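From a predicted model like this one, the values you see are computed outputs, not experimental measurements.
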Number of protein chains: 2
Amino acid sequence: MTELTGLPLFAGMDEKTVAEQMTALRGQKAQISKGSVLIREGEKTERCGILLSGQLQGQQINEDGALSVITTLSAGMMFGEILIFSDHPAPVTLTAVTDCRVLWLGPVDLARADARLIRNLLSIIGKEYWALHQKIRYCAIVSLRKRIYAYLSDREKEAGKEFTLPFDRNGMAAYLNADRSALSRELSRMKTDGILEYHKNQFRLTGKGL
Amino acid sequence: MTELTGLPLFAGMDEKTVAEQMTALRGQKAQISKGSVLIREGEKTERCGILLSGQLQGQQINEDGALSVITTLSAGMMFGEILIFSDHPAPVTLTAVTDCRVLWLGPVDLARADARLIRNLLSIIGKEYWALHQKIRYCAIVSLRKRIYAYLSDREKEAGKEFTLPFDRNGMAAYLNADRSALSRELSRMKTDGILEYHKNQFRLTGKGL
DNA sequence: TATAATCGGTTGCCGTGGCAACAAAATCAG
DNA sequence: CTGATTTTGTTGCCACGGCAACCGATTATA
């Protein structure tokens, strides 16, 4: 239970209040094994959840069969909470990249929800919405090199000089809407141009720019 | 006041409750003239609003100066409500395409908000989030022709056989992340291939497919 | 009505990056 | 350790579409 009080959704609430709210949210823990699908694209979202441990990935498959990775979720992050109160189908398939522990929530009783909980929820939603807009910003950059650079320098800003990406090359390519081989090609060009250094998914920008 | 009861945010609420909620929301009507900026990209969102009449457009400008149109808002739609409870900067600049009337809301007192209002708010947010995911889906399609087609057939599904787009060519190109001339070129090719017909921003798909 | 400004269509050029196919390296299974 | 599978890097080909430049049509301003 104490692992719950640290979650963003319960920020600023004491243990007693959290326990109360958990009944309004109908919380239930579950084990999820690697590869399982938590939410399937196109289906209605019935419940949402919080990832307690492990890693999830949200992906879209377009008509060509091309895979586009939208988000990566790590421990503490929520999923499904934005669409649970609307009748829109889920826009992404949410898959467990590793074995996970999940706290399922829902159906949620909003009338019994604390005002602080609502505020936390809206704050979380805002953050997720914002991340989606970031992805759109990357999409809008035509040049692959500039697209990569924009993405990497954002990661640098948020994680420091040396940082690790939550993707392998396939995932990174899918997130940046690029072909994997084209991404590899451009990354090595950028390395020889002295713009960045990397080893696997560990990156460092030299600060040379461009 | 009666024009308010029809708004999605107040769906299912009687006139008296709406009036009560309006004080919790600190609603205030305003006239906005064409070209004005309601929300500026990068600034913190202090208040949100509902468009009562006219048209708004949300746009991002990337480092190259390239313009990307994210959304078009018509009467009845909300804006800014997703980010008002988080401390993220606004990801888009919201501009009045025509003269508008706007109902400004905020700072909002959540503790005094009706549970139904919260539910409506979350439903609206879900819809907006979903629309953003649609745009991402279009972005992920590499072929311009397929991208155009995916967009147009979605519009057909939601608006019927013959439909009008809320963009001029520039806006349409910016929304689809394409060059305007390339878009024009591809549209006329598609016309000669018998895939669609159009005049200005009035479109019709022949149903031939591809 | 003249003039400017905006908008849409057309066309040639050519570089970027998707695609396929292969090679090397790393990870995994038995 | 050996073979299989996954992951990453490399390279040639060439079509798609960005870019610039131009023109006609439409709309706004005076």
Requested in this report: Classify the nucleic acid contact of B/S184 as base, sugar-phosphate or nothing, counting any heavy atom under 4.0 Å across all strands shown.
Outcome: base
**Report entry** Integer-rounded Å distance: D/dC19 C1' and B/R185 CZ
**Finding:** 10 Å
Requested in this report: Take atom CZ of B/R145 and atom P of D/dA15, then tell me their distance rounded to the nearest Å.
Outcome: 16 Å
Query raised in the report: From A/I136 CD1 over to B/H133 NE2, what is the distance, rounded to the nearest 0.5 angstrom?
Result: 9.0 Å
Query raised in the report: For the pair made of NE2 in B/H199 and P in C/dG9, what is the distance, rounded to whole Å?
Result: 10 Å
**Report entry** Ring geometry between A/F79 and A/W104 (parallel below 30°, tilted from 30 to 60°, perpendicular above 60°)
**Finding:** perpendicular
Query raised in the report: Tell me: NZ of A/K146 to C1' of D/dG18, nearest whole Å?
Result: 12 Å
Query raised in the report: With no hydrogens and no angle check, do the side chains of A/Q134 and A/D154 hold a donor and an acceptor under 3.5 Å apart?
Result: yes
Query raised in the report: Heavy atoms under 4.0 Å, any strand shown: does B/D179 hit a base, just sugar-phosphate, or nothing?
Result: base
Query raised in the report: Looking across every strand, which nucleic acid part, if any, lies under 4.0 Å from B/Y198 by heavy atom: base, sugar-phosphate, or nothing?
Result: sugar-phosphate
Requested in this report: Rounded to the nearest angstrom, tell me the gap between atom CG in A/N177 and atom C1' in C/dT16.
Outcome: 16 Å
Query raised in the report: Which residue, B/D168 or A/K200, contacts DNA chain C at a nucleotide closer to its 5' end, judged by nearest heavy atom?
Result: B/D168
**Report entry** Parallel, tilted or perpendicular: rings of A/F203 and A/Y198 (30°, 60°)
**Finding:** parallel
Query raised in the report: Heavy atoms under 4.0 Å, any strand shown: does A/S181 hit a base, just sugar-phosphate, or nothing?
Result: base
Query raised in the report: To the nearest Å, how far apart are B/L176 CG and D/dG17 C1'?
Result: 14 Å
Report summary line: Judged by nearest nucleotide, the residue sitting upstream toward the 5' end of DNA chain D, A/N170 or B/A182, is A/N170
Report summary line: With B/E186 as partner, the option from B/R147, B/K191, B/R145 fulfilling side chain to side chain donor-acceptor pair (under 3.5 Å) is B/R145
**Report entry** Distance in angstrom units between B/R180 CZ and C/dG9 C1', rounded
**Finding:** 8 Å
Query raised in the report: How long is the line joining CG of A/L144 and P of D/dG18, in whole Å?
Result: 14 Å
